[in-house]
Amino acid sequence: RHRAAGNPFVPLTRIKTFRKDGWKGPADLSAQFRMEWDETDEGRLFIEIQVRDDVWSPPPANAQPADFWKYDSLSLYFDTHADGYSAAPGSGLDTNDYRYDVAMQGDKPIVFRNANPQHQECFLQPKEIDTAVACEIERTGEGYSCRLTIPQTRLLSFRIGPERLL
């Protein structure tokens, strides 16, 4: 049982698709998520995402992780200073944000750290597969489910805990 399993799901309402025929409603593509964290010295963030999708299109075996967004995948953005609302619209990530792309490639879930704060701040290189983030992806009757366990060290300078925005 994944740690987030005790929390209620929250629907994701900002669905973005790159298909030429557009989004056709919740049966075509919809998702919900739930999260939990532990307060141990190590600190971990647990995320579960359930995706409803009428067509399963994972990245092919030869796809580069930087291209996962072109297929059925998840992009997770973390704003560790919770300052995104102060940025100009469309300005994208700033120097304290992370982006992780997650997809099933063959029979293996891949977590790709697409963007992270400056190397000097987080000691992580961008554009790398991150094996420290545990990931399970499984097909369901209407789509797929993804469960992630992200160590605190993969979201520096954010400190996981109650009443903190991410």
Side-chain angles (χ1 to χ4, degrees), residues 2-5 7 9-18 29-38 42-53 56-85 87 90-139 143-161 164-166:
H2 193 259
R3 284 281 304 265
N7 293 328
F9 279 101
V10 176
L12 293 167
T13 57
R14 298 179 94 186
I15 301 294
K16 185 166 187 170
T17 180
F18 294 95
L29 177 62
S30 57
Q32 59 183 5
F33 78 101
R34 58 185 171 187
M35 298 185 336
E36 184 174 317
W37 64 89
D38 70 17
E42 177 183 314
R44 294 172 294 185
L45 182 63
F46 304 93
I47 302 172
E48 181 177 1
I49 304 162
Q50 291 182 344
V51 177
R52 185 175 175 193
D53 191 351
W56 173 244
S57 302
N62 63 345
Q64 295 299 310
D67 292 330
F68 281 175
W69 65 271
K70 297 176 182 178
Y71 306 94
D72 280 352
S73 61
L74 300 167
S75 292
L76 304 168
Y77 295 82
F78 299 97
D79 184 358
T80 62
H81 292 186
D83 60 357
Y85 287 108
S91 61
L93 303 173
D94 65 20
T95 60
N96 61 61
D97 298 343
Y98 289 83
R99 175 180 163 192
Y100 283 93
D101 294 334
V102 181
M104 189 69 137
Q105 195 168 36
D107 62 352
K108 184 178 178 186
I110 304 291
V111 178
F112 179 66
R113 187 177 47 256
N114 198 320
N116 59 264
Q118 295 178 9
H119 173 72
Q120 295 84 354
E121 181 177 347
C122 69
F123 304 106
L124 299 172
Q125 295 295 326
K127 310 279 187 215
E128 287 188 345
I129 292 174
D130 195 334
T131 58
V133 176
C135 181
E136 299 171 13
I137 298 175
E138 64 181 306
R139 294 278 290 134
Y144 58 98
S145 176
C146 176
R147 288 173 296 282
L148 297 155
T149 302
I150 304 173
Q152 170 73 52
T153 56
R154 291 316 202 236
L155 293 174
L156 296 175
S157 64
F158 181 72
R159 186 72 188 141
I160 295 171
R164 295 184 179 266
L165 298 173
L166 182 58

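All values reported here derive from a predicted model rather than from experimental measurement.
- Here the side chains of Val51 and Cys146 are not in contact, with every heavy-atom distance at 4.5 Å or above.
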Report task. Take Val102 and Val133 through the side-chain contact (heavy atoms from CB on, under 4.5 Å) test and state the conclusion after the steps. Result -> CA-CA 10 Å; Val102 181; Val133 176; over 6 Å; no

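- The shortest side-chain heavy-atom distance between Phe68 and Ser75 does not fall under the 4.5 Å cut-off.
- Within the 4.5 Å cutoff, no side-chain heavy atoms of Tyr144 are placed close to those of Arg52.
- Taking 4.5 Å as the limit, some side-chain heavy atom of Asp72 sits within range of a side-chain heavy atom of Trp56.
- For the atom pair CG of Leu155 and CZ of Arg44, the computed distance is 13.5 Å after rounding to the nearest 0.5 Å.
- Residue Tyr100 holds its OH atom at 10.0 Å from CG of Leu76, rounded to the nearest 0.5 Å.
- A donor-acceptor pair under 3.5 Å is formed between the side chain of Gln105 and the backbone N or O of Ala63.
- In terms of the salt bridge (charged side-chain N to carboxylate O under 4.0 Å, His left out) criterion, residue partners of Arg34 (sequence neighbours excluded) are, by chain and number, Glu48.
- For the atom pair CG (Asp97) and CG (Asp79), the distance works out to 4.0 Å, reported to the nearest 0.5 Å.
- Asn7 contributes atom CG, which lies 12.0 Å from atom CD1 of Ile47 (distance to the nearest 0.5 angstrom).
- The shortest non-hydrogen separation linking Pro151 to Thr149 is CD-O, 3.6 Å.
- Rounded to the nearest 0.5 angstrom, Asn62 CG and Gln64 CD are separated by 8.0 Å.
- Counting heavy atoms from C-beta outward, Asn114 and Trp69 have side chains that stay 4.5 Å or more apart.
- For the pair Ile150/Phe78, a side-chain contact is recorded, criterion being any heavy-atom separation below 4.5 Å from C-beta on.
- To the nearest 0.5 Å, atoms CZ (Arg113) and CD (Glu128) are separated by 5.0 Å.
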Query raised in the report: Please walk me through it: do Asp38 and Phe46 pass side-chain contact (heavy atoms from CB on, under 4.5 Å)?
Result: CA-CA 8 Å; Asp38 70 17; Phe46 304 93; 4.2 Å; yes

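- Screening residues 58-69 for salt bridge (charged side-chain N to carboxylate O under 4.0 Å, His left out) gives Asp67-Lys70 as the qualifying pairs, with residues at least two apart or on separate chains.
- Between Phe33 and Leu148, every side-chain heavy-atom pair lies at or beyond the 4.5 Å cut-off.
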